[in-house]
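Naming: A, B, ... by sequence-line order, numbering from 1 per chain. Atom set for the values below is all heavy atoms of this structure, side chains included, hydrogens, waters and symmetry mates excluded.
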Amino acid sequence: MAVGVLALQGDFEAHGAVLKRLGAHVREVRVPSDLDQLDGLVLPGGESTTITLGIEREQLAEPLRAFHSSGKPIFGTCAGLIMLDREHLGIIDIRAERNAFGRQVRSFEAPLEMGLDGGPVAAVFIRAPWIAEHGPGVEILAEVEGHGVAAREATVLVVAFHPELSSDDRVHELFLQSVRDARLAAA
Amino acid sequence: MRDEATFKVKAGLAEMLKGGVIMDVIDQEQARIAEAAGACAVMALERVPSDIRRDGGVARMSDPEMIQSIQEAVTIPVMAKARIGHFAEAQVLEALEVDYIDESEVLTPADEANHIDKWPFKVPFVCGATNLGEALRRIGEGAAMIRSKGEAGTGDIVEAVRHLRTINGEIKRLGGLSEAEIATAAKDHAAPLDLVRAVAASGRLPVVMFCAGGIATPADASLVMQLGAEGVFVGSGIFKSADPEARAAAIVEATTHYQVPERVLRASEGLGAAMDSIESRKLEESELLSNRGW
């Protein structure tokens with residue numbers, strides 16, 4: 001199973017380390033041809049403005065949409081959630097509110113109930129967005145103070161926090177399960 | 001049940017800056033140019049290091065109004081500098097809610113013996129270091145990010161290379177040591193034993209390390225990234241060059257594609273003149289900024 005991590009800027013190495021730990025082959029993605037033969041893709045945390053400009057510079061928007069249309073799972077964390085929303089790549093039917101919790105002094109850690117076996121996940125929110133609006137096909141998986149911070153629509157999973165910075169691998173495991181399912185469905 | 005300002009949250013923001021370029025800006029216009037070129041954060045200050053060098057006098061924290069105007073101009077993180085040991089300046093910057101405080105040798109030190117105790121602050125700190133011991137002392141005081149110092153405001157990369165190679169060489173040499181030798185290494189580096197032990201075990205600093213001080217070209221950015229920097233600070237190198245917009249975008253591109261010479265080449269074309277530079281070796285001992293702090 002080969003999983004790409006968009007590596008234009010941000011904490012892509014932390015994602016790579018978790019995915020390797022869980023047995024995936026990992027490839028950093030910087031140009032469109034890096035997407036070839038991948039089974040799934042992660043859009044990491046980072047600065048969403050920087051990553052947006054990088055996607056433009058590398059002409060990655062259309063290849064990323066095509067990757068999604070081919071049924072391959074995509075997982076976005078924090079800036080990755082923003083990149084996937086209606087106003088950016090348009091891959092999941094949500095509208096993200098950037099820096100919704102405020103500046104860095106408002107960044108926080110909290111246990112978050114996502115309905116996963118084993119209880120709440122240890123969630124790290126850093127200048128995090130939340131989901132301000134979402135379409136009917138989107139399932140909200142977790143909320144903080146009434147705002148969606150984790151969601152799924154078909155093969156797309158997004159979270160506003162950083163599971164890659166914790167030692168709790170369950171959210172990545174959830175994503176990898178969808179990658180395995182998609183591979184089986186395609187076979 | 002929310003925990004704000006944990007070390008994980010402070011060091012976590014630096015994780016999000018990785019692979020990016022943090023640019024010095026002195027007004028809203030420069031901040032917007034930096035953001036549009038792909039900067040992952042800006043450092044708000046009244047004078048870039050090369051001007052501080054030229055003007056002399058005491059360099060202090062910037063005017064809060066100026067920092068605020070930059071916070072209003074951009075949505076990317078805004079950092080600002082406090083003088084070494086000047087915890088009251090840091091308190092003001094925290095009240096302003098800057099995203100990171102740089103306890104910086106570029107400003108005139110306020111305390112010749114003590115750095116700021118950074119643990120009580122909610123805002124994370126980045127500090128400069130010239131070697132592993134200095135980096136670990138800063139982390140011991142609560143710094144959540146390190147930058148190799150280089151020699152700010154020169155446009156000369158040689159000190160940045162020296163500091164990066166020193167820090168990474170010292171980390172490598174810890175790898176083969178026994179427990180008893182690690183204790184001796186902690187003494188030699190004048191660094192906290194638990195941090196030295198953690199570095200020996202993991203083979204890296206416990207926080208993100210960027211490179212600063214002397215980066216003027218896309219190739220400079222590629223060089224320091226290949227030497228193990230996790231991102232770069234560019235001070236005078238952008239807005240003291242002939243074409244800041246183009247150079248800023250080019251350094252961002254070279255930082256992302258630092259391993260691909262063809263991309264660094266493409267980024268390097270048509271940028272016009274780099275900043276006016278000074279050879280670090282020709283500076284008097286008293287003119288060196290990297291000697292400030294311990």
Side-chain angles (χ1 to χ4, degrees), chain A residues 5-15 17 28-31 34 44-58 77-80 82 97-99 101-113 120 122-129 144-145 161-162 164-167, chain B residues 1-22 34-42 71 74-79 93-101 121-124 144 204 208 230-231 248-250 252-253 255-260 263 266-267:
Chain A
V5 184
L6 189 69
L8 296 171
Q9 189 271 325
D11 72 337
F12 50 86
E13 283 171 3
H15 275 287
E28 292 180 356
V29 173
R30 294 186 179 83
V31 295
D34 291 336
E47 191 40 57
S48 61
T49 312
T50 306
I51 300 174
T52 302
L53 291 164
I55 287 174
E56 267 173 41
R57 184 186 65 223
E58 307 300 335
T77 65
C78 195
I82 297 168
E97 180 77 31
R98 282 184 66 205
N99 301 338
F101 292 93
R103 300 187 197 279
Q104 173 62 12
V105 288
R106 309 271 173 269
S107 293
F108 63 98
E109 291 183 64
L112 186 70
E113 187 49 68
V124 183
F125 290 84
I126 296 172
R127 286 171 45 94
V144 171
E145 293 162 7
F161 54 95
H162 295 283
E164 72 279 14
L165 294 185
S166 78
S167 51
Chain B
M1 203 167 59
R2 258 196 211 191
D3 288 320
E4 288 183 347
T6 60
F7 193 73
K8 181 158 239 164
V9 159
K10 292 177 178 179
L13 179 55
E15 296 282 340
M16 299 312 134
L17 300 173
K18 276 170 81 167
V21 182
I22 300 168
E35 183 173 55
C40 66
V42 291
Q71 287 174 310
V74 296
T75 61
I76 58 178
V78 175
M79 302 183 167
L93 294 175
E94 174 161 86
L96 264 177
E97 299 193 354
V98 300
D99 294 299
Y100 244 94
I101 296 171
F121 287 85
K122 290 184 76 173
V123 175
R204 52 159 298 139
V208 168
E230 299 184 287
V252 170
E253 184 173 352
T255 302
T256 295
H257 296 286
Y258 71 93
Q259 294 158 303
V260 186
R263 292 297 301 265
R266 213 160 84 197

Which of the residues [options] is involved in the greatest number of heavy-atom pairs with chain A at under 4.5 angstrom?
{"options": "D3(B), T6(B), V252(B)", "value": "D3(B)"}
{"options": "G12(B), P77(B), G231(B), G19(B)", "value": "P77(B)"}
{"options": "V21(B), V260(B), L17(B)", "value": "L17(B)"}

request  = May I have the step-by-step check of side chain to side chain contact (heavy atoms under 4.5 Å, CB included) for R103(A) and L96(B), ending in yes or no?
outcome  = CA-CA 10 Å; R103(A) 300 187 197 279; L96(B) 264 177; over 6 Å; no
At a 4.5 Å cut-off on heavy atoms, which part of [X] comes close to chain A: side chain, backbone, both, or neither?
{"X": "A11(B)", "result": "neither"}
{"X": "A37(B)", "result": "backbone"}
{"X": "A36(B)", "result": "backbone"}
{"X": "T75(B)", "result": "both"}

Looking only at heavy atoms, what is the nearest atom pair of [X] and [Y], with distance?
{"X": "E35(B)", "Y": "T49(A)", "result": "CG-CG2, 3.9 Å"}
{"X": "E4(B)", "Y": "V105(A)", "result": "OE1-O, 3.7 Å"}
{"X": "R127(A)", "Y": "I76(B)", "result": "NH2-C, 3.6 Å"}

If you round to the nearest 0.5 Å, how far is [atom2] of [Y] from [atom1] of [X]?
{"X": "S107(A)", "Y": "K122(B)", "atom1": "OG", "atom2": "NZ", "value": "9.5 Å"}
{"X": "E145(A)", "Y": "R2(B)", "atom1": "CD", "atom2": "CZ", "value": "4.0 Å"}
{"X": "D11(A)", "Y": "E230(B)", "atom1": "CG", "atom2": "CD", "value": "11.5 Å"}
{"X": "K10(B)", "Y": "I126(A)", "atom1": "NZ", "atom2": "CD1", "value": "12.5 Å"}

inquiry  = Test of understanding: with side chain to side chain contact (heavy atoms under 4.5 Å, CB included), list the residues that count as partners of E28(A), not counting sequence neighbours.
reply    = A7(A), F12(A), E13(A), R30(A)
query = What pairs with T50(A) under side chain to side chain contact (heavy atoms under 4.5 Å, CB included), at least two apart in sequence or on another chain?
reply = Q9(A), E47(A), C40(B)
Residue among H162(A), E58(A), R98(A) with most heavy-atom pairs under 4.5 Å to chain B = E58(A)
inquiry  = Does any backbone or side-chain atom of F101(A) lie under 4.5 Å from a heavy atom of chain B? Answer side chain, backbone, both or neither.
reply    = side chain
request  = Evaluate the side chain to side chain contact (heavy atoms under 4.5 Å, CB included) criterion for residues E109(A) and V9(B): first the C-alpha distance (whole Å), next the side-chain angles of each, then the deciding distance (0.1 Å), finally the verdict.
outcome  = CA-CA 7 Å; E109(A) 291 183 64; V9(B) 159; 3.8 Å; yes
